[in-house]
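Reading through the structure tokens given below for one structure.
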Number of protein chains: 2
Amino acid sequence: MLIRVDPASSTALFEQLAAGVRAEVMRGRVTVGQKLPAARELATSLDINVHTVLRAYQLLRDEGLIDLRRGRGAIVTDHARNYAALAESLPRLVAEGKRLNLSANALAALIREAYL
Amino acid sequence: MLIRVDPASSTALFEQLAAGVRAEVMRGRVTVGQKLPAARELATSLDINVHTVLRAYQLLRDEGLIDLRRGRGAIVTDHARNYAALAESLPRLVAEGKRLNLSANALAALIREAYL
DNA sequence: GGCTTGTTCTATTGAAAATAGAACTATAAA
DNA sequence: TTTATAGTTCTATTTTCAATAGAACAAGCC
């Protein structure tokens with residue numbers, strides 16, 4: 001699993017982390033049943049705080065993407081299959097957004113709006 | 001133009017405002033050449049600070065969606081036509097996201113990721 | 001039993017949002 | 001050309017939240 005994090009970004013670290021995991025799941029590089037790195041371990045390798053990683057994990061649990069329990073760690077749930085279904089339609093919309101000169105921010109915000 | 005704002009949201013007020021305008025543009029309820037409410041006016045009606053509204057407007061200007069100048073106000077540019085092109089494809093993706101039980105947050109984050 | 005791993009708690013620091021008020025200037029309209 | 005409009009710029013304060021830190025705790029696994 002390849003997760004990058006940009007401390008200089010305006011997006012919160014825990015959000016970046018969660019987004020990174022989601023993206024890896026969508027790409028199929030992280031699949032059902034797979035175990036994510038232990039929070040302390042990932043925190044060390046990314047040189048960030050454990051609590052920040054745990055917050056990202058808890059966010060993913062709330063979404064149903066991982067099963068998170070002490071002693072066991074974070075395991076990707078069946079929910080991950082859903083993400084794969086977007087692997088085609090999502091890049092298509094992104095391409096359209098780019099063609100129209102929309103920023104990533106603008107397009108993401110439109111998604112959020114349309115969700116209500 | 002109908003803009004709502006939720007002070008309790010984790011999303012910044014100025015981001016919500018900008019998103020609201022973008023959404024109205026996409027829906028065709030705000031069109032090219034149209035003048036947005038004056039910052040002071042909108043601030044009063046939403047019961048938020050003028051600077052917060054101006055920050056949202058400046059964000060939209062940076063995106064090229066409005067022409068913002070003192071004395072004139074905020075006028076929607078040609079760029080708005082691009083948004084209309086998304087009025088179909090975007091709700092389609094949103095529907096798919098909902099069907100897959102993805103949160104608005106997750107889908108928006110995936111958009112952001114795919115944009116890089 | 002001992003190791004791993006998340007949970008919970010308190011506390012501190014730093015950055016950014018939001019507010020507030022005032023003075024200023026370009027634009028449009030009367 | 002005067003006047004009202006409306007964004008720009010400035011300083012300052014308050015508030016919220018991310019991120020860090022450390023410690024004690026509890027569930028699960030070998």
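Labels below follow one simple rule: chain letters A, B, ... track the order of the sequence lines, proteins then strands, and each chain is numbered from 1. These numbers come from a predicted model, not from an experiment.
- Regarding A:Asp67, its CG atom lies at a distance of 12 Å from the P atom of C:dG6, rounded to whole Å.
- A:Leu68 comes within 4.0 angstrom of the backbone, heavy atoms only, and of no base.
- At least one side-chain heavy atom of B:Asp67 sits under 4.5 Å from a side-chain heavy atom of B:Arg72.
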Problem set entry | Check against salt bridge (charged side-chain N to carboxylate O under 4.0 Å, His left out), A:Glu15 and B:Arg112 | CA-CA 11 Å; A:Glu15 285 283 9; B:Arg112 215 179 288 270; over 6 Å; no

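- The separation between A:Leu42 atom CG and C:dT5 atom P is 12 Å, rounded to whole Å.
- Considering only side-chain N and O atoms, A:Thr52 lies nowhere under 4.0 angstrom from the phosphate OP1 or OP2 of D:dA18.
- For A:Arg61 and C:dT5, the CZ to P distance is 16 Å, given to the nearest whole Å.
- Put simply, the side chain of B:His51 and the base of D:dG7 share no donor and acceptor less than 3.5 Å apart.
- OP1 or OP2 of D:dA21 has at least one side-chain nitrogen or oxygen of A:Asn49 nearer than 4.0 Å.
- Candidate nucleotides D:dG28, C:dT19, D:dG7 were compared by shortest atom distance to the side chain of A:Arg69, and D:dG28 ranks first.
- Heavy atoms of other residues, nucleotides or ligands lying less than 6.0 angstrom from CG of A:Asp6 number more than 12.
- A pairwise comparison of heavy atoms in B:Gly73 and B:Lys35 identifies CA-CE, 4.5 Å as the closest pair.
- For B:Arg72, taking side-chain heavy atoms from C-beta onward, the closest of the listed nucleotides D:dA19, C:dT27, D:dA6 is C:dT27.
- Both A:Arg55 and B:Glu41 lie near DNA chain D, and the one whose nearest nucleotide falls closer to the 5' end is B:Glu41.
- Between the P atom of D:dA18 and the CG atom of A:Asp6 lies a distance of 17 Å, rounded to the nearest Å.
- With DNA chain D read from its 5' end, the first of the two nearest nucleotides for B:Leu54 and B:Ala8 is the one closest to B:Leu54.
- When heavy atoms are screened at a 4.0 angstrom cut-off, B:Arg40 is found touching base atoms of the nucleic acid.
- In this structure, the nucleotide among C:dA17, D:dT8, C:dT19 sitting nearest to the side chain of B:Arg70 is D:dT8.
- Taking atom CG of B:Leu59 as the reference point, atom P of C:dA18 lies 12 Å away to the nearest angstrom.
- When heavy atoms are screened at a 4.0 angstrom cut-off, A:Gln58 is found touching the sugar-phosphate backbone but no base atom.
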